[in-house]
Amino acid sequence: KCRLIACEEAWTIPEVAEELRQVARGPSQSADKLLVGGIYDADHDASGYGKMNFLEGLKDVEGQRLSQMDEFGVDMHLLTLTAPGVQMFDADTATELAALSNDRLAEICRKRPDRFAGLASFAPHSPKRAAKEIDRVMTDLKLNGLIVNGHTNGDYFDDPKFWPIFEAAEAHDATIYIHPRGPSDTLKGPLMDYAMDSAMWAYGVEVGTNMLRMMAGGVFDHFPKLRICVGHMGEMVPFFIWRINFMNSRAQKVGRAPKTQRSMEEYFRDNFVFTTSGVEDPLALRYAIDRMGIDNVIWAIDYPYQPMKPAVDFIENFECTDAERHALCHGNAERVFHIA
Ligand SMILES: COc1cc(C(=O)O)cc(C(=O)O)c1
Ligand SMILES: [Mn+2]
């Protein structure tokens with residue numbers, strides 16, 4: 001029986017849920033308002049998320065979550081404050097609530113270190129205080145890395161204002177998990193119809209855009225040891241990497257894209273890992289492993305948004321060598337997220 005560590009497992013605390021309920025009732029025009037209204041303000045649900053009843057599963061750790069982990073043989077959940085995290089709040093509230101949820105998370109991990117590990121949140125829109133919180137969570141709270149959700153007020157991580165965050169993350173060897181959220185105001189245009197704003201499409205576009213801006217913007221030339229994790233089988237990038245590489249190197253040759261020390265494919269292979277969260281497709285997984293290397297692929301459920309049992313069945317039935325299985329199910333997670 002292979003140790004199973006699930007690495008994109010969503011969780012929240014009442015204080016963040018309450019603050020998001022206020023956002024749902026406020027003037028925000030963010031694409032996330034649909035989801036936030038549905039989950040945290042269900043009586044004003046315009047998205048259908050209220051009917052999916054995610055909130056219980058998000059708040060729960062040692063109840064349903066743990067009993068399902070026992071029932072289906074999941075050894076650990078790597079817990080992350082669910083999207084959009086603290087990023088819809090003003091910078092001060094975001095900074096405070098990130099620290100509060102990090103403290104709560106550290107308590108859970110201290111109480112059940114054999115079952116739970118955790119990624120710490122921070123407020124990207126207060127980069128200097130975020131860097132300080134990264135020092136605190138990695139040194140004092142001994143958490144396992146960092147979580148952030150896509151853009152912050154429409155800004156992406158190629159923007160040097162965020163780079164104190166990367167400096168702190170790199171210094172602590174803390175992997176930053178870039179999780180999706182709804183598309184930014186400049187991206188959302190035609191994506192708001194047919195539920196495309198959700199995990200079905202815009203989530204991948206939102207994270208993929210952030211990833212490409214970081215790689216093409218030379219972030220990894222400044223931070224060569226920075227490691228980013230993304231979910232959802234690499235947010236479409238593994239499938240498209242040949243074309244991304246070809247077109248970026250052509251653009252560099254004609255001066256349309258800045259020169260970078262390494263190629264897009266090298267940055268993706270060297271500075272990224274990705275999880276299988278919410279993509280339970282054996283063909284996609286086999287391609288991703290063969291194309292990007294087994295050391296870059298990590299199993300995840302995306303609980304409670306994805307049910308636990310199908311995700312376990314998916315990985316247990318996946319045809320692979322023993323070495324691949326160990327890497328996928330726990331080895332890579334232990335290395336990337338410092339899990340004993
Ligand atoms: C933050 O809310 C989420 C909702 C869903 C969904 O299935 O609607 C998926 C994810 C996700 O893919 O992580 C996140
Ligand atoms: Mn998720």
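We count ligands from 1, going down the list as the structure has it; atoms in each ligand are counted the same way. Residue numbers count from 1 along this sequence.
Protein residues having a heavy atom under 4.0 Å from any atom of ligand 1 are Glu8, Leu35, Tyr49, Thr82, Ala83, His179, Ala199, Tyr203, His232, Asp302, Tyr305, listed by chain and number.
Phe272 and Tyr267 have their aromatic ring centers separated by at least 6.0 angstrom. Between Tyr303 and His77, the distance from one ring center to the other falls under 6.0 angstrom. Checked against the 6.0 Å centroid threshold, Tyr156 and Phe162 do not count as a close aromatic pair.
Each of Asn332, Ile289, Val273 was checked for a side-chain contact (heavy atoms from CB on, under 4.5 Å) with Asp295, and the lone residue meeting it is Asn332.
Hydrophobic clustering (ILVMFWY, side-chain heavy atoms < 4.5 Å, transitive): Met69 and Ile301 are in one cluster.
Checking His151 against Glu206 by side-chain atom types alone, no donor-acceptor pair falls below 3.5 Å. With hydrogens and angles left out, the side-chain atoms of Tyr49 and Ser198 include no donor and acceptor closer than 3.5 Å.
Listed for the Asn144 side chain is a donor-acceptor partner under 3.5 Å among the backbone atoms of His338.
Here the protein contributes Glu8 OE2, His179 NE2, Asp302 OD1 as N, O or S atoms under 2.8 Å from the Mn ion (ligand 2).
Arg181 and Thr152 make their closest contact through NH1-CA, 4.2 Å (heavy atoms, listed as atom of the first residue, atom of the second, distance).
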